[in-house]
Protein chains: 2
Amino acid sequence: MSAKQKILIEAAKLIHTKGFNNTSIQDILDIASVTKSNFYYHFDSKEQLGFEVLTGRMQWFYGRVIEPSLDNPALNPLQRIYAFLDGILALGTSPLGELGCPFGNLAQEMSAIHEPLRQALSAFFRAGADRLEHCFEEGKQAGIFREQLPSSQIAEFVLAQTQGMFLLRKTHKDPQIMERNIDMLHQLIEGWLTHEGKQATNRQEEIRETLPEPKTEGFE
Amino acid sequence: MSAKQKILIEAAKLIHTKGFNNTSIQDILDIASVTKSNFYYHFDSKEQLGFEVLTGRMQWFYGRVIEPSLDNPALNPLQRIYAFLDGILALGTSPLGELGCPFGNLAQEMSAIHEPLRQALSAFFRAGADRLEHCFEEGKQAGIFREQLPSSQIAEFVLAQTQGMFLLRKTHKDPQIMERNIDMLHQLIEGWLTHEGKQATNRQEEIRETLPEPKTEGFE
DNA sequence: TGAGTAGTACTGACTGGTTGGTCCTAATGA
DNA sequence: TCATTAGGACCAACCAGTCAGTACTACTCA
């Protein structure tokens with residue numbers, strides 16, 4: 001593994017744990033066993049490191065959660081949404097979830113003080129919301145979901161909820177908060193947003209068969 | 001205004017903007033026009049300052065949002081919940097809301113790295129959730145709400161949602177996110193959690209008459 | 001074939017500034 | 001008179017970043 005790789009991986013972990021500004025370059029280098037001058041060989045600045053860590057995190061999240069769920073053409077819209085929620089649940093109940101959501105953490109820390117990073121994170125969240133919206137819209141056209149509420153608003157609501165539950169899980173140090181709130185989202189989808197009789201049956205088993213083991217590396 | 005008061009007020013603003021660890025004591029003192037030796041006359045440490053700022057923030061939030069809503073005996077349970085949501089909406093759409101929720105921000109920043117502060121924030125969130133739960137439970141007994149879902153779970157869900165929407169509002173710099181997500185909560189409460197025909201009518205006007213102008217000072 | 005060159009990755013030492021906190025003395029005002 | 005405040009100097013540790021140099025590999029060209 002190259003020095004640059006080691007730096008990126010250790011930086012992602014530390015930034016997730018302590019935050020960007022509270023993680024010094026020397027902290028990262030001590031763990032990665034790389035010298036500071038070598039750091040500056042690969043990165044112009046701490047800021048550039050931050051952007052590259054964020055890019056890596058986005059790719060990791062895509063491979064771990066989005067690709068097998070919202071971007072999985074083998075699933076119908078409802079299954080895609082459920083697979084997404086299950087991906088969030090798996091993440092949030094893992095040891096990693098104790099540190100909160102890496103994106104929410106960064107957004108909270110940096111949005112008010114670093115405009116370029118805020119924009120990158122805003123775009124990331126919007127991309128996620130767009131995918132969710134697309135699923136809800138598709139499900140409406142397939143007669144799965146009710147038509148009352150705009151799909152974009154539902155999608156945003158679901159996304160906000162995932163962020164909120166990560167924060168509470170982190171603050172209370174209680175993984176069951178993820179379970180309870182994902183369950184609430186399921187109930188909301190089945191009991192309110194879905195037409196009667198349009199729920200997927202044996203939802204858990206269906207999704208388990210389709211989901212491949214995600215190929216992720218370094219970020220956990 | 002005493003020097004200690006000035007410090008606390010400026011510290012609260014700066015910590016809300018930049019975070020605790022990214023706000024130096026000198027930053028605060030420059031704005032408060034107080035010397036460092038006087039700072040250490042009043043506070044043993046930066047950590048003690050942090051706790052006192054948090055305590056002040058909790059009192060402010062109580063007076064601004066909780067007392068006129070969840071702790072307002074003149075309101076029925078549904079009105080109390082709606083008043084709470086309106087308080088959150090007013091906060092979130094104010095210029096202050098651009099910085100996110102002060103409690104959510106601190107929880108995110110400090111929970112993984114500072115156990116005493118995490119505990120204080122956890123207790124704060126739990127107190128809020130308990131009040132919400134109490135309203136839902138009271139509303140169930142008054143026949144307003146359906147009985148299917150545990151009140152504690154609904155309360156937690158609503159609380160998580162408020163945190164999530166604050167984060168998205170901050171990241172997207174869009175106050176309408178608060179409006180859309182509070183509206184979703186209203187719809188969820190009226191369209192799913194409430195018995196048919198049990199909605200409060202002229203909800204907005206009713207609450208407007210009962211809410212006194214909150215006595216808040218310094219933190220905004 | 002070997003000197004010279006370029007590119008890549010890496011190093012130790014260093015810079016100027018910042019940070020939370022300490023200590024002491026003196027002044028002010030109720 | 002004493003609580004409060006100011007001012008100043010200082011400390012060790014920390015911080016992001018700089019600089020000149022080293023080692024190695026591959027390539028070029030006379």
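The figures that follow rest on heavy atoms only: side chains count, while hydrogens, waters and symmetry mates do not.
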query: When I154(B) is tested against each of L149(B), I81(B), L188(B) for side chain to side chain contact (heavy atoms under 4.5 Å, CB included), which residue passes?
result: L149(B)

message: What is the distance, to the nearest angstrom, from the CG atom on L29(A) to the P atom on dA16(D)?
response: 9 Å

Restricting both atoms to N or O, compile the protein contacts to nucleotides 7-11 of chain D shorter than 3.5 Å, with distance only.
residue : atom : partner : partner atom : Å
dG7(D)  : N7   : S37(B)  : OG           : 2.7
dG7(D)  : O6   : S37(B)  : OG           : 2.9

message: Ring-plane angle category for Y82(B) and H186(B), please: parallel below 30°, perpendicular beyond 60°, tilted otherwise.
response: perpendicular

message: Need one value for V34(B): base, sugar-phosphate or nothing, where a base atom within 4.0 Å counts as base even if backbone is also close, heavy atoms only.
response: sugar-phosphate

query: Heavy atoms under 4.0 Å, any strand shown: does S2(A) hit a base, just sugar-phosphate, or nothing?
result: nothing

field: Distance, rounded to the nearest Å, where Q26(A) contributes CD and dA13(D) contributes C1'
entry: 12 Å

query: Do F103(A) and L106(A) come within less than 4.5 Å of each other through their side chains, counting heavy atoms only?
result: no

message: I'd like to know if the side chain of E156(B) pairs up with that of N181(A) as donor and acceptor (distance under 3.5 Å, no hydrogens or angles considered).
response: yes

field: Any donor-acceptor pair under 3.5 Å from H172(B) side chain to L167(B) backbone
entry: no

field: Boundaries of the chain A footprint along DNA chain C (any atom under 4.0 Å from a heavy atom)
entry: dT8(C) to dG12(C)

- request: Using whole Å, report how far CD of E47(A) lies from C1' of dG17(D).
  value: 14 Å

H42(B) vs dT5(D): side-chain N/O to OP1/OP2 distance below 4.0 Å: yes

task: Measure from NZ or CZ of K46(B) to the centre of the six-membered ring of F20(B) and say whether it is under 6.0 Å with the direction within 45° of the ring axis.
output: yes

Ion pair K173(B)/E115(A), N-O distance below 4.0 Å: yes

- prompt: Quick one: I25(A) CD1 to dC14(D) C1', roughly how many Å, whole number?
  reply: 12 Å

query: Quick one: does NZ or CZ of K4(B) land under 6.0 Å from the six-membered ring centre of Y41(B), within 45 degrees of the ring axis?
result: no

